[in-house]
Amino acid sequence: MSSRPPKRIKSQHQSTSTPMSKETDSETKPVRSDIPAMFRPPVNRAMRVLDRSFFKRTVPVSAATIFKTSDIATVRQALHKKRDLLALPRMATLRDIKQDDAVRKCLLLREEIKHDDTATWSPTVSELVEKGMVSVGPYDLTIDYDYWSYADIMASILPEELCDEIPQGFTQVGHVSHLNLREQYLPYKQIIAEILLDKNPTVKTVIRKTDDVGSHSQFRTFPFELLGGVNDLNVIQHEQNCEFRFDYSRVYWNSRLETEHRRLVDKFRPGEMVCDVMAGVGPFAVPAGKKKIFVWANDLNPHGYEVMQDAIKRNKVDKFVTPHNQDGRDFIRSSARRLLESPLTVTIEPKVRRSQKDTAPPPEVFHRPTVFQHYVMNLPGNAIEFLDAFVGVYAGEEARFAPHTEQKLPKVHVYCFSGHSEDEHHDHVDICQRISERIGFEITTEDRVGGSGRQELELAIHNVRLVSPNKQMFCASFRLPEEVAFKKV
């Protein structure tokens, strides 16, 4: 037996199936257990095929048998207040017990209390016995596979040297669990998948990414292998009160970015005009449309475009969101010009009962702007390379913008990766330099709000998430400089 202290394993009632925003793409995490050793599952580190029947244990504990049903609440409250009840996660302490040919209710007591040693009884237990409300006796507590968490079971199967960190977090998209496994855990991938399926009822399919996103496709899809469950990647995914249906193998989706999608959409105001250049299936565009924000949403992936069309119709945002299927650079250049000549008015009638028509509020009327207020460029791997398309995008249209009108030049929200430096300022400098090279105009960290540079650029760099120990995802937002937008090319 190892002399190492027992490991604490994160209890599974904090569901592994919950997508973890701002997690890294490494799926192994240090784990600990709050379950005392006597209640943990039996160990079999040679197991390679899951045997659920092996995981069964009978633990002798003590129980307070209650003589009168009317005393159950009083006894439970007294024992709970003094922390005399057995404290195991997801374990019911009120049980049936046969005593004197009658079935009575009993309460399981903490493991330190011994039925045959009154010296281990608390004053509360002793008092309840003296009053004749309970008797303390033995109870055989049977625990099986269904009780223990994924992490508990894995900790009893994996070699000890692999138990310091257990593959535990995963991304869930619809009914699909997407795992990233380090090499040392690959021999256990099938058993990991089986246990995940058992312990997460909303998961029906488990896959493993076998190469980097975009390594085999310009559409940010990834090669994978099926580890367990049904071979069906047609998923239904909900985000920001919107429903998306797609084949996960054919489009890009990252559930960990929901917080970021929400953050950016919340910056847009109803009636504004947004150009979503690399829209995917519409995680920015469709929720924005629900907020009555106009969006021209574009994606190069034909299947992604079809899914986006379906999402627009399914979520009833077709009055505000228009899908496109073009190259991103071409779309930036052409859409700005086309929008100038595409006025549109949308009228939203209030939803009222027929009997209330006479007192109904007036309809909402939205006039679609003929210039974009925002550009979203969510292709962190190379979106910065597309920024040169903004050079001269509004050349000759100076009269449409400030100071001639109240209309400001659009804000660009470009996603990118940078290193994960100890001083994040170094990453921000790197991002500004790369942006500057593409647009032919110098932007520096001093241009951020509150800095000493050009405040009209309204620069902000937001840390989105850590992708790996040396890779950070950022969103750089800045207002398009007039020297770039109006440059004659």
Side-chain angles (χ1 to χ4, degrees), residues 5-18 31-43 51-156 168 195 198-202:
K7 300 173 181 64
R8 292 167 52 84
I9 303 168
K10 183 178 177 181
S11 98
Q12 190 68 8
H13 63 276
Q14 297 179 2
S15 173
T16 318
S17 64
T18 303
V31 288
R32 295 179 175 271
S33 177
D34 293 324
I35 301 177
M38 64 187 292
F39 298 107
R40 294 176 196 163
V43 174
D51 179 6
R52 296 171 181 83
S53 65
F54 172 80
F55 298 98
K56 191 171 185 178
R57 164 168 279 178
T58 299
V59 184
V61 296
S62 299
T65 301
I66 306 163
F67 294 116
K68 294 181 181 179
T69 304
S70 58
D71 287 337
I72 292 175
T74 301
V75 172
R76 177 154 47 185
Q77 185 177 13
L79 294 174
H80 175 74
K81 185 176 181 180
K82 296 302 181 180
R83 299 183 179 179
D84 283 331
L85 295 177
L86 182 64
L88 288 180
R90 298 166 285 108
M91 180 67 73
T93 55
L94 185 64
R95 302 294 181 99
D96 289 332
I97 191 170
K98 193 171 183 180
Q99 190 180 69
D100 300 329
D101 295 325
V103 176
R104 292 191 169 94
K105 294 293 183 182
C106 71
L107 287 162
L108 304 185
L109 301 173
R110 56 186 170 85
E111 60 270 26
E112 293 86 0
I113 295 176
K114 309 300 180 185
H115 68 92
D116 54 358
D117 184 359
T118 57
T120 64
W121 296 7
S122 71
T124 300
V125 172
S126 298
E127 182 181 352
L128 290 171
V129 171
E130 289 170 8
K131 287 182 176 180
M133 298 176 73
V134 305
S135 65
V136 178
Y139 186 95
D140 287 335
L141 176 62
T142 300
I143 310 175
D144 61 16
Y145 177 81
D146 289 339
Y147 169 75
W148 284 298
S149 72
Y150 160 83
D152 292 332
I153 299 293
M154 289 306 306
S156 69
Q168 197 174 194
I195 299 171
D198 287 342
K199 300 300 179 180
N200 295 273
T202 60

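Along the sequence shown, residues carry numbers from 1.
Not a single donor-acceptor pair under 3.5 Å links the side chain of K114 to the backbone N or O of A119. Side-chain atoms of R57 come within 3.5 Å of backbone atoms of R40 as a donor-acceptor pair (strictly under, hydrogens ignored).
A 4.5 Å side-chain heavy-atom check between R90 and S149 finds at least one atom pair inside the cut-off. Residues I195 and Y145 form a side-chain contact, since some pair of their non-hydrogen atoms from C-beta on lies under 4.5 Å apart. Counting heavy atoms from C-beta outward, E111 and V59 have side chains that stay 4.5 Å or more apart. Residues F55 and S156 are in side-chain contact: their nearest non-hydrogen atoms beyond the backbone lie under 4.5 Å apart. Side-chain contact check for F39 versus L141: some heavy-atom pair is nearer than 4.5 Å.
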Show your reasoning for whether side chain to side chain contact (heavy atoms under 4.5 Å, CB included) applies to T142 and K56.
-> CA-CA 7 Å; T142 300; K56 191 171 185 178; 3.7 Å; yes
Step by step, would you call R52 with D198 a side chain to side chain contact (heavy atoms under 4.5 Å, CB included)?
-> CA-CA 10 Å; R52 296 171 181 83; D198 287 342; 2.9 Å; yes
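Every side chain to side chain contact (heavy atoms under 4.5 Å, CB included) that D140 has, sequence neighbours left out, goes to T58, P60. For S53, the side chain to side chain donor-acceptor pair (under 3.5 Å) criterion is met by D51, not counting sequence neighbours. A search for side chain to side chain donor-acceptor pair (under 3.5 Å) contacts involving D96 returns K105, not counting sequence neighbours. Applying the side chain to side chain contact (heavy atoms under 4.5 Å, CB included) criterion to D146, with sequence neighbours excluded, gives D144.
Going from atom CG of L88 over to atom OH of Y147 covers 4.5 Å, rounded to the nearest 0.5 Å. Interatomic distance, CD1 of I143 versus CG of D152, reported as 10.0 Å (0.5 Å rounding). Distance CD1/I97 to CZ/R104: 10.0 Å, rounded to 0.5 Å. Considering NE2 of H80 and OG1 of T124, their distance stands at 12.5 Å, rounded to 0.5 Å. With values rounded to the nearest 0.5 angstrom, T93 atom OG1 is found 5.0 Å from L85 atom CG.
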Considering only distance and modelled atom types, tabulate donor-acceptor pairs under 3.5 Å from the side chains of residues 125-135, sequence neighbours left out.
| unit_1 | atom_1 | unit_2 | atom_2 | d |
| --- | --- | --- | --- | --- |
| S126 | OG | S122 | O | 3.3 |
| E127 | OE2 | K131 | NZ | 3.1 |
| S135 | OG | Q99 | NE2 | 3.4 |

Let me check something: any side-chain donor-acceptor pairs from residues 61-77 under 3.5 Å, sequence neighbours excluded? List them with distances.
| unit_1 | atom_1 | unit_2 | atom_2 | d |
| --- | --- | --- | --- | --- |
| S62 | OG | I113 | O | 3.0 |
| S62 | OG | H115 | N | 2.9 |

